[in-house]
Amino acid sequence: VQDPVGPKPPDPLPAVDQFGPPAPPVEAEREVPAGKDPSPAPLPVVEPSSNTNPALSLAPATTALPAFSPSYRALADVEASLLAWAVARPAHARAWRLADGEAASAPVLEFGAAGGLDFDARPCVLLIGGLDGQALEGGEAVLAVTHSLLEQPERLPANVCFLSLPWAAPEALSGALAGKVFDGRNARALDEDADGAFDEDGPDDLDGDGQILDLLIEDSRGLWARSKDLRFLVRAEPGDQPRYTLVKEGRDDDGDGRFNEDGPGGVVLDMNFPVGRRAGTGDARLGPYPLSEPLTRALAELATQRRVALALFFQGQHGQAAAPGGTDWKQAPGLVSELDRAVYARTGELFSVLTRRRQPSFLSLREARGEARPGAAIDWFYASLGVLALEVAPWGPRAELREEGPARDARFARPDGAGAPGERGGPSAAPRWHDGARPPAEADREWALWLDNVHGGLGFSAWRPIELGGARATRAWIGGWEPRTRANPPPESMARCLTGLDEFALSLSSALPRLDLRVSELTRRGEVVSLRAALRNAGHLPTGLEGPPLEGRSSAGRGAVMTLELPSGARLLAGAERVPLGRLAGQELSTEAAWVVFAPQGSVLQLRAEAPWAAPHTQELRP
Ligand SMILES: [Ca+2]
Ligand SMILES: [Ca+2]
Ligand SMILES: [Ca+2]
Ligand SMILES: [Ca+2]
């Protein structure tokens, strides 16, 4: 599954089943004794600040944050917003650029609660928008979450650092905003068809209507056939006729018989990571080698330098929160280990509650997207760094379908008759368009429900015949989803599809583990000191993840650790200097460790606790 690139995968922890089936809510300060099987509680939702009366709001450190309202905006506007927010919140935020000095760099806002540890020593939450190069609404999601968190900085969890990158793929997002880039590729020129010419055959506006939609070409070897819904296609099966090839609207510019086989760009940054690349062999979007692009390399370096606990990638058009597994089939064991699936299931439930969207509690990236996603960033963040990485899609058919209503089919209510079968007259007319045997794929059915019940049936351009010219008399049709319907939300849906994402990000980051040392004995007899201590995880998420189920790993590694540091003149008589405690679940108390130390009077011992997702904690002991 994983190519041998990037940091070593995390080591497994003792096989303690810390997560069983979901349990009813429990009190926040429940303590789970060591060795027991703590039943998992739902992750708590952070309540809105109780200090809601503006007259009573005396938080002095803040000035007015410039207002924010979601819309389609350009990179310069994104960057200007981050700079303005950093100026308005000097105690909490600073703005900088990732891959500064490269052709494409991405603006960053780093922020967190005032006071406490330096930002780069804190556990870190990444909020990344549009790394797929398509999700402009992902950029708006990161801006909206960031703005909401900075509006009430007193709600920010202590000692957690947030890194917001709203436009993580600036070249492709700029292209998407201008309607020129459709598949998320950056500006690197590639010769996809290896004919020695670069970018010689990209999409064109064939019918001059100002839009580039889809082009359907009748082709006996095509991969697509009709469905029962005349708008949608299904994957062709043996015996299906006629069949179609589906491409972006365009002509065969170089006359090689293929359409749009070498368009502008480039690499999809979200597919440029080292995990699962074999599934995308021959797909130029993955790039020539893992982390080949300056921005993906800079992002990976940043992630390895920081203590990243949580990474939310706001992108995709499935409207759900997807876990790693971009190449996982439903039945396969999958990239995410059993133990970690339970953690992901709890985040999925939290997402459901806070966004009021129905979704399966565990959903792999491949299931959510309905197709393989090789080289996906979340797969690498999870598999190599043990990060709780999720793809959160603000937009999707369910973003506005929160309650089930009676289904209505707007195709029969269109006054202009659009949606009627695309036919040509005469004896050579194409077979009727709506005689497909199979229903559309599930995703298409959901989008059809949104289109008809929420969007009044507008936004899908009915297939209409077009002359392609050239030697072959090929039948072809232009049609499909119009811009800002399925690939990105209509402008009026933008704010609605971001609802609840700020509370989701805040609740997850507030649930990160917190280390609490419990010293149960500290006694001195002459120069001999006896010490007993345990470590409690006072947060609601575990201290880290197990990582993917890979063979041949040793069992030391990513759990919580207590370390006893002695001053000069002192020495250990019994007990270990470094005590690995394994992974601690939310609220779990570790087993107790004991030490006997030779320590002259006046010695100061340091007991230090560390864990992958938590701020380190040191306690001074003066026996
Ligand atoms: Ca070429
Ligand atoms: Ca190209
Ligand atoms: Ca057109
Ligand atoms: Ca061509």
Side-chain angles (χ1 to χ4, degrees), residues 134 171-172 175-224 230-233 243-268 280-289 292-293 414 416-424 430 433 451 458-488 490:
Q134 293 177 290
E171 290 172 335
L177 187 71
K180 288 179 186 158
V181 172
F182 304 96
D183 54 3
R185 294 160 182 247
N186 70 0
R188 176 196 277 265
L190 289 176
D191 175 16
E192 277 97 334
D193 58 341
D195 65 350
F198 285 77
D199 301 353
E200 74 281 1
D201 188 352
D204 313 278
D205 180 11
L206 275 186
D207 57 358
D209 67 349
Q211 293 183 334
I212 292 179
L213 301 179
D214 292 326
L215 177 66
L216 206 52
I217 305 161
E218 203 169 280
D219 175 357
S220 59
R221 292 167 303 171
L223 297 176
W224 298 94
L230 54 87
R231 296 171 292 191
F232 305 117
L233 302 161
R243 290 184 178 211
Y244 306 90
T245 289
L246 179 64
V247 293
K248 270 289 173 202
E249 180 181 339
R251 64 182 68 84
D252 177 10
D253 296 288
D254 58 349
D256 67 349
R258 292 190 288 163
F259 291 80
N260 312 325
E261 75 282 358
D262 188 354
V267 177
V268 175
T281 305
D283 187 339
R285 295 176 300 167
L286 276 72
Y289 53 90
S292 59
E293 308 308 291
R414 293 280 303 262
D416 58 359
E423 285 183 73
R424 292 207 265 180
W433 184 239
L451 185 70
L458 298 167
F460 191 95
S461 188
W463 298 104
R464 53 191 185 277
I466 176 116
E467 295 288 343
L468 284 182
R472 294 180 303 158
T474 314
R475 279 195 290 239
W477 294 261
I478 288 179
W481 292 93
E482 292 167 9
R484 294 182 187 174
T485 51
R486 181 167 173 165
N488 301 106

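Start at 1 and go down the list; that is how both ligands and their atoms are numbered.
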Check R486, R231, K248 against D214 for a salt bridge (charged side-chain N to carboxylate O under 4.0 Å, His left out) and give me the one that passes.
K248

If I consider every N, O or S atom in D256, which one ends up closest to the Ca ion (ligand 4)? I only need its name.
OD1

Strictly distance-based, threshold 3.5 Å: is any side-chain N or O of N260 a donor or acceptor partner for the main-chain N or O of D201?
no

Backbone or side-chain N/O/S of R258 under 3.0 Å of the Ca ion (ligand 4)
yes

Does the side chain of D205 reach to within under 4.5 Å of the side chain of E249, using non-hydrogen atoms?
yes

What pair of heavy atoms forms the shortest contact from E192 to E261, and how long is it?
CB-O, 3.5 Å

Smallest separation among heavy atoms of L216 and L233, with atom names
CD1-CD1, 3.4 Å

Do side-chain atoms of N488 reach the backbone of Q134 as a donor and acceptor pair under 3.5 angstrom?
yes

I need the protein N, O or S atoms closer than 3.0 Å to the Ca ion (ligand 1), given as residue plus atom name.
D191 OD1, D193 OD1, D195 OD1, A197 O, E200 OE1, E200 OE2, D262 OD2

Closest contact, heavy atoms only, D191 versus G196:
OD2-N, 2.7 Å

The atom of D252 among N, O or S that is nearest the Ca ion (ligand 4) is OD1

Just to be careful: counting only protein atoms that are N, O or S, how many fall under 3.0 Å of the Ca ion (ligand 3)?
6

Charged N to carboxylate O under 4.0 angstrom, D209 versus R464?
yes

Would you call S292 and R188 a side-chain contact if the rule is heavy atoms closer than 4.5 Å?
yes

Using 30° and 60° as the class boundaries, would you call the ring planes of F460 and W481 parallel, tilted or perpendicular?
perpendicular

Determine yes or no for a side-chain-to-main-chain donor-acceptor pair under 3.5 angstrom, with D219 supplying the side chain and R221 the backbone.
yes

